[in-house]
Amino acid sequence: MTTPTEVENPRSEPAAAADFFAVNSIADASVSTGSATTKVLGWLTLAGLVVLLVFAFIISPEDSRETADGAIIGQFDAVRLLYLHVPAAVFAYVAFALTGLGSIIYLWKRSRWWDHVAHSSAEIGVVFCGVTLLTGVIWGRPVWNTWWEWGDVRIVTTLLLFLIFVGYLAFRSVPSEPRRQARNASVLAIIGALNIPVVNRSVEWWENRTLHQQSTLEELKIEDATLLTLMIGFAVFGLMFLWLLIHRFRVAWLAEEVEQHGLKQALRRRREEAQREAMVS
Amino acid sequence: MGFAKLAFLAMELAVSLRSLVVLLGSFPALSGVDLDIQSGEIVYVRGANGAGKTTLLRFCAGLLNFYSGEGQVLGFDIRDANSDTRQMWRTQVGYLGHETRLYPDLTAQENLAFLAKLCRAEMAALQYGVERLELSQELLATRVGSLSAGQRRRVALAGVVLRSPKLWLLDEPHASLDSRGRSCVDQLIVDAAKAGATLLVVTHEPVAHELLEAVPADLSVGESAASGSATAGSEAAGSASGGSAIACAPGSSRLVELSGGAVKGNR
Amino acid sequence: MTLLLALFALTHAGYLAAGWSIGLLAIGAYALSVLVRGRALSKRVPLSRQRWMNSLPDEDEQS
Amino acid sequence: MNTSDATPGHLSLMGILRTSWHIWRKDLLIELRSRVLLNQILPFAVLVLMLFAFALDGDSTTLEFFAPGLFWVAVLLAALLAIGRSVATEQADATMDNFRLGSSSPVAVFFGKTLVILTQLLVLEIVLAVGVIVFYGARLSEPLLFVSTSVVATSGIASAGTLYAVAISKLGVRETLLPLLLMPALVPVLIGATRAFGDALGTAGVNGWQWLGLLGAFALAYLTLGALVFGSLLEEN
């Protein structure tokens, strides 16, 4: 990752309190979470998105092939939705895996840095997961002739994963003691991440049939343009994920800064109060 | 001399805190406490609402983590995050908070028996608690939910007594007690200190002079340790630990004022 | 018009347009909300604590 | 009979089991006095069975076929109440502090509370079993599988429930948040237990014992996880 890696455990430096107050020049503060790196990243993402759209709608062919008995089958134009659906799904899973990883490291090292990574990643994961479900439903209608298929393992697993992390975010949105929240949220995230394989297995055993492409790449009768478009999709979503993660992380970091600032002021006020009282008596 | 003083510091201080900051959420309930309490001492803590009295007690009970500072309680370094150490620390304190921590659906007897089992106290200790708090058989057989506030308080205190704690942390033990209950508690406090326990008692009422002087006053009543507010923390720390290394008699008592989450020396 | 509708039905263009636009709009809206939150918060934090502004000296590095 | 002399006896297995047992007995005593399970949660569970019958138009074939799933949904709904009640018991007068200040390890508290919920739900399941047999016409073809599925699946529900309930016990919104967190996590139990019951009640041609294995792994995972993290969940800040 880029710049924010320099920041290690912002909580563990109460000693810097004094000069922080001396500066206190909030008026000329910056007004965004952007930096040179993220600007480049952002433009690259947007440019990539345009390229992706061009490839998805114009260059890549529609999915159709002839079976042995002469019928023409395939997803036809609907395949173009997969260039959004598949990368979003993959990076939703990546995001949740990162949340699980960040939570484990948080419990181990107790550095708020990793807690912010976990929280940020979960939020992005929920957005991507929502997009996955939405496009999946829209794609299923023309191709499977049904909006939703309970017999399908991946779609059910993904919905559950979505709900688990919606719950995680709901937990995090309730204001409470910050360290306890971070600790308990980490536990929730780890359980949630561990649930993925369990849910997946159980849904698969549940109904031993599945509509889903066993492996999307295999089924898509890999034509060069199709594969290339999918790869572009992965690249664009990778950049997008990184951009979102960095910005969201900085939001979390700023929120903690504000909290720390409030804490230091509260501490100062409280000490003044103590001194005043001592003077009186 | 140096050795004697060191030994004194190691052996005799039941509680020793330096610049202790404790957060509740992101509010600094304790903003820098410097406090030394010797074994066998009774320290009354007074202060306005929100001064941090309850937080100080809960911290000393090992129930809260701190933000910055250092020190020890009953010989346990407060920086030691090991959960076993923490557990041992907690088992040696007797903490009475605002809540009575009793189950309203159980009788007083059942509540006390459960508490005794949780901390593995012996039946004799339970019996001692029952006697000291003058709990009648009839009261013991009553559901806690239908006891009066004062009676519940006495049951809760018996629950503290049965732990035979080394450090007593009592949050307004007089609350909702009648005069007989109060004198009962006062006597309990003095006796516990004489038996070698250390007591930290939060009170809103003016502490009666006869209480503070119930013990030989010639042995450093009040001026042993607590001094310095938080902002002067560093210099106060030196004087507080070094200044008055006079052993106090078991049962000697003093008053400490808490305001703005910091202790200031009194008398 | 009916021809256009028929074309939509035949080529799944409606599904395609809906899927892509809703998907990208959702992500775009989220990105925007992150930026807005960041802007609001960074007004309340001194510049010296926003370390990604790498033009500034990192004064807290030692602590 | 060790007293509070700070030996690390609180870590011994016997110490943990003894404390769990005391917590179990204490909660059952409270239940005997307050009758919340008997007077409120049990009737509610039976009511749920009735609601299903209304929703499915009282069709006896449908009800018999779906009896396993309906049974477990009723259990899950009642479990939410039982778990909420179990935490509320400790929340009323800060009795959670007694556990923190006690000399036993937090693991004992976790096991004890799990055991309480397990017991209560098993009692509830006996009533529900009679309910599906009487109301839905379910036929018990494999009693052993039926009983072992109940015990194992309910252990999973109880341990996961205790874990989640304590993780959010300090929040004011815990009643509304608990279902959102707990239900997705319990989906594997619902699937597994329904399938195993399908075998036990003879409505599905599957191997129920295989599903019992999944349920066992789930329960074991949550019991282990709970034992590992419960201490930090109990801490205040």
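Side chains are part of it too, since the values below use all heavy atoms of this structure and drop only hydrogens, waters and symmetry mates. The chains referred to below are lettered A, B, ... by the order of the sequence lines, with proteins before strands, and numbering in each begins at 1.
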- prompt: Is it the backbone or the side chain of D:Ala92 that comes under 4.5 Å from a heavy atom of chain B, or both, or neither?
  reply: neither
task: Identify which of B:Asn65, B:Leu64, B:Leu24, B:Thr100 forms the greatest number of heavy-atom pairs closer than 4.5 Å to chain D.
output: B:Asn65
task: State, yes or no, whether a side-chain contact exists between D:Arg25 and B:Phe114 at a heavy-atom distance under 4.5 Å.
output: no
task: Check whether any side-chain heavy atom of D:Ser103 lies under 4.5 Å from a side-chain heavy atom of B:Met88, and answer yes or no.
output: no
message: Could you check whether atom CZ of D:Phe135 has more than 12 heavy atoms from other residues, nucleotides or ligands sitting under 6.0 Å from it?
response: no
- request: Please state whether the side chain, the backbone, both or neither of D:Leu32 comes within less than 4.5 Å of a heavy atom of chain B.
  value: neither
query: How far does CG of D:Leu29 sit from CG of B:Leu106, to the nearest 0.5 angstrom?
result: 5.5 Å
task: Report the residues that fulfil side-chain contact (heavy atoms from CB on, under 4.5 Å) with D:Asn39, sequence neighbours left out, ordered by chain and then residue number.
output: D:Arg35
Beyond-backbone contact of D:Leu101 with B:Thr91, side-chain heavy atoms, under 4.5 angstrom: no
message: Which atoms of B:Thr107 are under 4.5 Å from chain D, going by heavy atoms: the side chain, the backbone, both sets, or neither?
response: both
message: Please determine whether the number of non-hydrogen atoms from other residues, nucleotides or ligands lying under 6.0 Å from atom NZ of B:Lys166 exceeds 12.
response: no
- prompt: Are the side chain of D:Arg33 and the backbone of B:Arg143 linked by a donor-acceptor contact shorter than 3.5 Å?
  reply: no
message: Let's go through D:Asp93 and B:Val144 carefully: what are the C-alpha distance in whole Å and the side-chain angles of both, what is the deciding distance for side chain to side chain contact (heavy atoms under 4.5 Å, CB included) to 0.1 Å, and is it a yes or a no?
response: CA-CA 12 Å; D:Asp93 202 15; B:Val144 165; over 6 Å; no
field: Residues that D:Val36 engages under side-chain contact (heavy atoms from CB on, under 4.5 Å), provided they are two or more places apart
entry: D:Glu31, D:Ser34, D:Gln40, D:Ile41, D:Arg85
- request: Return yes if some donor-acceptor pair links the side-chain N/O of D:Asp97 with the main-chain N/O of B:Arg101 below 3.5 Å, else return no.
  value: no
message: Within this structure, what is the CZ-CZ distance for the pair B:Arg90 and D:Phe99, rounded to the nearest 0.5 Å?
response: 13.5 Å
- request: Indicate yes or no: does D:Lys26 engage B:Glu110 in a salt bridge with an N to O separation below 4.0 Å.
  value: no
- request: For residues B:Leu118 and D:Thr19, determine if any side-chain heavy atom of one lies less than 4.5 Å from a side-chain heavy atom of the other.
  value: yes
- prompt: Where does D:Ser232 contact chain B at under 4.5 Å (heavy atoms): side chain, backbone, both or neither?
  reply: neither
message: Quick one: does any side-chain atom of B:Gln87 pair with a main-chain N or O of D:Gly102 as donor and acceptor, under 3.5 Å?
response: yes
